[in-house]
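Right, one structure below, let's go through it.
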There are 4 protein chains.
Amino acid sequence: MSREDKKRDKKNRLLDAARRSFAEKGFRKTTVDEIVDRAQVAKGTFYLYFKNKESVFKELVELLERRYKSLREKMRQEKDLEDKLYFFAKGYFSLLEDNRDLARIGLFNFDHVDESLKKFFIRLQTFQVDSIKEEIIAAGFILEEPRKAALAFVGMVNYFAAHYVLNPDRPFSPEKDARFVVDLFFKGIPAK
Amino acid sequence: MSREDKKRDKKNRLLDAARRSFAEKGFRKTTVDEIVDRAQVAKGTFYLYFKNKESVFKELVELLERRYKSLREKMRQEKDLEDKLYFFAKGYFSLLEDNRDLARIGLFNFDHVDESLKKFFIRLQTFQVDSIKEEIIAAGFILEEPRKAALAFVGMVNYFAAHYVLNPDRPFSPEKDARFVVDLFFKGIPAK
Amino acid sequence: MSREDKKRDKKNRLLDAARRSFAEKGFRKTTVDEIVDRAQVAKGTFYLYFKNKESVFKELVELLERRYKSLREKMRQEKDLEDKLYFFAKGYFSLLEDNRDLARIGLFNFDHVDESLKKFFIRLQTFQVDSIKEEIIAAGFILEEPRKAALAFVGMVNYFAAHYVLNPDRPFSPEKDARFVVDLFFKGIPAK
Amino acid sequence: MSREDKKRDKKNRLLDAARRSFAEKGFRKTTVDEIVDRAQVAKGTFYLYFKNKESVFKELVELLERRYKSLREKMRQEKDLEDKLYFFAKGYFSLLEDNRDLARIGLFNFDHVDESLKKFFIRLQTFQVDSIKEEIIAAGFILEEPRKAALAFVGMVNYFAAHYVLNPDRPFSPEKDARFVVDLFFKGIPAK
DNA sequence: AATGAATGAGCCTTCATTCAT
DNA sequence: TATGAATGAAGGCTCATTCAT
């Protein structure tokens with residue numbers, strides 16, 4: 001391993017350890033000691049790569065943000081709204097399955113960090129809703145309040161996600177669930 | 001004020017102060033010092049009324065739970081499903097408007113407390129979903145997975161609620177929003 | 001019960017409760033709350049009868065002191081030294097059997113109280129040794145250091161007492177044990 | 001001083017400070033603040049070397065135990081019982097003279113610590129008595145209750161020790177005092 | 001770059017004592 | 001005399017961060 005690789009390695013190990021700890025116990029309950037123990041790195045080393053405890057958290061959230069953004073880029077390439085939303089939901093659920101820890105952080109570590117990070121989080125959520133809203137409008141749907149429709153859709157998706165994260169043992173199928181929420185969104189629940 | 005009244009008053013002041021602090025900064029970041037400062041009460045007094053910091057928190061969450069349960073009882077008295085769901089959503093939004101702090105605790109202080117409280121929270125969420133699921137089934141809707149429909153509905157409602165709590169300055173109308181989610185749930189978004 | 005009796009009753013109940021608590025957990029570990037709980041008396045009442053926590057302790061030790069003193073008075077009435085010492089040892093052991101709690105306080109709560117009480121304790125111990133020393137001298141024994149003989153005797157007696165208190169389940173016979181230490185004191189252990 | 005040496009030094013300074021404080025005021029009255037002040041070390045450092053306040057105490061008592069045990073080993077090498085007991089008493093007194101603080105802890109901090117430590121203390125005392133008892137039996141003395149003889153001997157020795165610790169200004173001579181208690185044990189006090 | 005010993009501010013909790021009723 | 005709510009100083013312990021090596 002080259003010197004440069006070794007360096008990246010330590011930082012990655014720290015990010016990895018932090019991600020798992022934050023997911024398990026939340027931001028405040030996680031200690032730097034625990035992170036460095038997990039990463040098999042000396043305590044001082046942590047402060048070589050991160051300004052403080054908050055900054056490693058921020059870096060993880062930014063990672064999540066990048067994934068959200070790339071999800072949106074891909075969603076845009078689908079042609080009609082139904083496909084886009086299906087893609088978004090399925091992509092979101094899959095992202096979750098692959099990154100349960102990260103998702104858990106995004107979903108539940110909302111408060112408890114400093115003001116700037118809180119705003120960052122709100123922006124992240126707003127970003128999701130706005131992306132969907134734009135797609136709805138672009139698709140030509142004439143709604144009094146398109147934002148609300150977006151909110152509702154994202155709400156369903158996130159709640160499915162949250163329940164998935166909280167009940168990891170329940171069966172979960174990204175395709176079927178994405179289908180379900182998209183159908184509901186367009187047609188409502190099937191009549192009796 | 002009688003001695004007994006004074007006593008009740010002190011406890012209420014503490015509950016009130018705790019509620020606001022938890023809502024502002026979450027459980028871990030809130031200090032007992034801050035709570036007693038807000039309540040204008042000596043530190044020792046806090047421990048006269050609560051076993052420890054966690055127990056005030058628990059008491060607040062139980063308050064929330066009781067409101068949820070009474071909401072369900074009232075919902076049951078409506079006659080058809082549409083009315084029930086409308087009632088639930090509207091009631092939930094109003095409850096929120098009156099108890100923004102409490103709701104904030106319920107929505108965002110998920111992690112960061114001890115294991116028993118976490119389970120309590122999960123139970124609370126499950127309770128909401130199950131209540132709706134039962135109503136859907138009782139109404140005679142034949143769905144492959146009624147739980148998912150309930151999940152989707154509660155998801156929409158909660159997400160509206162969350163955004164309301166996070167953006168307190170945006171206009172918010174319990175009736176209109178409840179109408180919106182119920183319509184969406186039954187009919188999907190209006191066609192172009 | 002007369003008014004005066006009632007008063008005495010409360011004070012006695014407090015003394016009693018304190019005695020038991022001090023014996024169980026020592027002076028520092030015992031809380032005033034625990035004492036008043038045991039005595040079934042309000043907290044404020046404690047401070048009606050005692051200046052502070054230390055003073056109830058002092059009162060108990062003084063009780064112990066009075067019993068020691070009366071033991072000495074009785075011992076003096078015996079005619080020869082052997083009888084005196086036998087009487088002292090037996091009396092001490094019996095006193096212990098009847099007042100195990102009090103004895104426990106005397107034996108093990110040595111430190112942990114303020115300087116004045118510590119001196120009081122030392123005086124109490126010194127008193128025992130000196131009483132015996134005087135008797136030895138009065139009996140006409142010519143020893144280079146009569147104090148040491150007294151020390152040795154009191155040491156044996158106290159150690160028997162301590163072991164009795166610490167191992168309450170072991171059989172304990174005041175008469176036999178008193179006989180044993182007195183014989184040892186005068187004749188040494190029996191030859192092989 | 002090397003890093004490793006510095007570390008050992010800090011721990012030793014803490015042990016030393018703790019020993020003195022415990023000896024002066026007992027376990028409960030001693031504060032961690034006081035210990036770290038004495039050791040000229042930051043408060044956090046204390047918890048680097050000891051799990052909690054109780055654990056320093058335990059470490060000191062274990063030190064005492066090791067000394068007792070090594071005393072017994074040496075005692076065993078003497079050939080006849082009289083020499084053994086003389087050796088034991090003298091060794092104990094000397095140990096005391098060198099470690100007055102430690103001894104003080106052993107003699108007077110009996111209660112006031114948690115249950116496990118209390119048992120540890122009782123074991124320590126029992127250990128002394130049993131050691132002597134075995135020696136008496138091994139020496140061929142036929143006694144109805146050899147344990148009582150051992151108890152009496154240890155009692156004398158400990159009481160001499162206690163008085164020495166409590167009255168540090170009185171002259172104290174390990175050899176003479178050891179001689180005294182051994183003679184008394186074998187022959188009783190000299191006749192008039 | 002890497003280490004891990006050292007720091008001390010900050011937090012939760014206990015408890016002896018006071019005081020209004 | 002009796003009560004028990006109220007107080008706040010004091011103590012044990014944690015943990016993010018620094019710094020000498």
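Put simply, CZ on D/F50 is 15 Å from P on F/dT14, counting in whole angstrom units. Per the geometry, CD1 belonging to A/I35 stands 13 Å off C1' belonging to F/dT17, to the nearest Å. Atom CZ of B/R13 and atom P of F/dT7 are 8 Å apart (whole Å). For the pair D/F27 CZ and F/dG11 P, the computed distance is 14 Å after rounding to whole Å. Rounded to whole Å, the distance from CZ on B/F46 to C1' on E/dC12 is 10 Å. Straight-line distance from the NZ atom of B/K6 to the C1' atom of F/dT3: 14 Å, rounded to whole Å. The interatomic distance linking A/L14 (CG) with E/dA1 (P) rounds to 14 Å, in whole Å. Residue B/K51 contributes atom NZ, which lies 15 Å from atom C1' of E/dT14 at whole-angstrom precision.
By the salt bridge (Lys or Arg N to Asp or Glu O under 4.0 Å) test, C/E34 pairs with C/K25, C/R38, sequence neighbours left out. Listed by chain and residue number, nothing satisfies the side chain to side chain contact (heavy atoms under 4.5 Å, CB included) test with A/D37 (two or more places apart in sequence, or in another chain). With sequence neighbours excluded, the residues forming a side chain to side chain contact (heavy atoms under 4.5 Å, CB included) with A/R100 are A/E97, A/Y164, A/V165, A/P168, listed by chain and number. Listed by chain and residue number, D/R19 satisfy the side-chain hydrogen bond (donor to acceptor under 3.5 Å, both in side chains) test with D/D16 (two or more places apart in sequence, or in another chain). By the salt bridge (Lys or Arg N to Asp or Glu O under 4.0 Å) test, B/K10 is found to be paired with no residue, residues two or more places apart in sequence or in another chain being considered. Judged as a side chain to side chain contact (heavy atoms under 4.5 Å, CB included), and not counting sequence neighbours, the contacts of C/L124 are C/V61, C/L64, C/E65, C/Y68.
The side chain of A/Y49 sits closest to E/dA1 out of E/dA1, F/dG11, E/dA5. Distance from the side chain of D/V32 is smallest for F/dG12 among the nucleotides F/dG12, E/dA6, F/dA16. Picking from F/dA6, F/dA2, E/dC12 the nucleotide with the shortest atom distance to the side chain of C/L48 gives F/dA2.
Identified under the side chain to side chain donor-acceptor pair (under 3.5 Å) test for residues 39-53 of chain D, with sequence neighbours left out: D/D33-D/K43.
Ring geometry for B/F22 versus B/F57: interplanar angle over 60°, hence perpendicular rather than tilted (30 to 60°).
The side-chain contact (heavy atoms from CB on, under 4.5 Å) test with C/L14 is passed by exactly one of C/V56, C/V36, C/V32: C/V36.
A sub-4.0 Å separation between OP1 or OP2 of E/dT14 and a side-chain N or O of B/Y47 is absent. At the phosphate of F/dA2, OP1 or OP2 sits under 4.0 Å from a side-chain N or O atom of C/K10.
Looking at DNA chain F, the stems built from 3 or more consecutive Watson-Crick or G-U wobble pairs, each pair with its key distances under 3.5 Å, are E:2-21 with F:2-21.
Using a 4.0 Å cutoff on non-hydrogen atoms, the parts of residues 36-45 of chain C near DNA chain E are C/K43, ordered by number.
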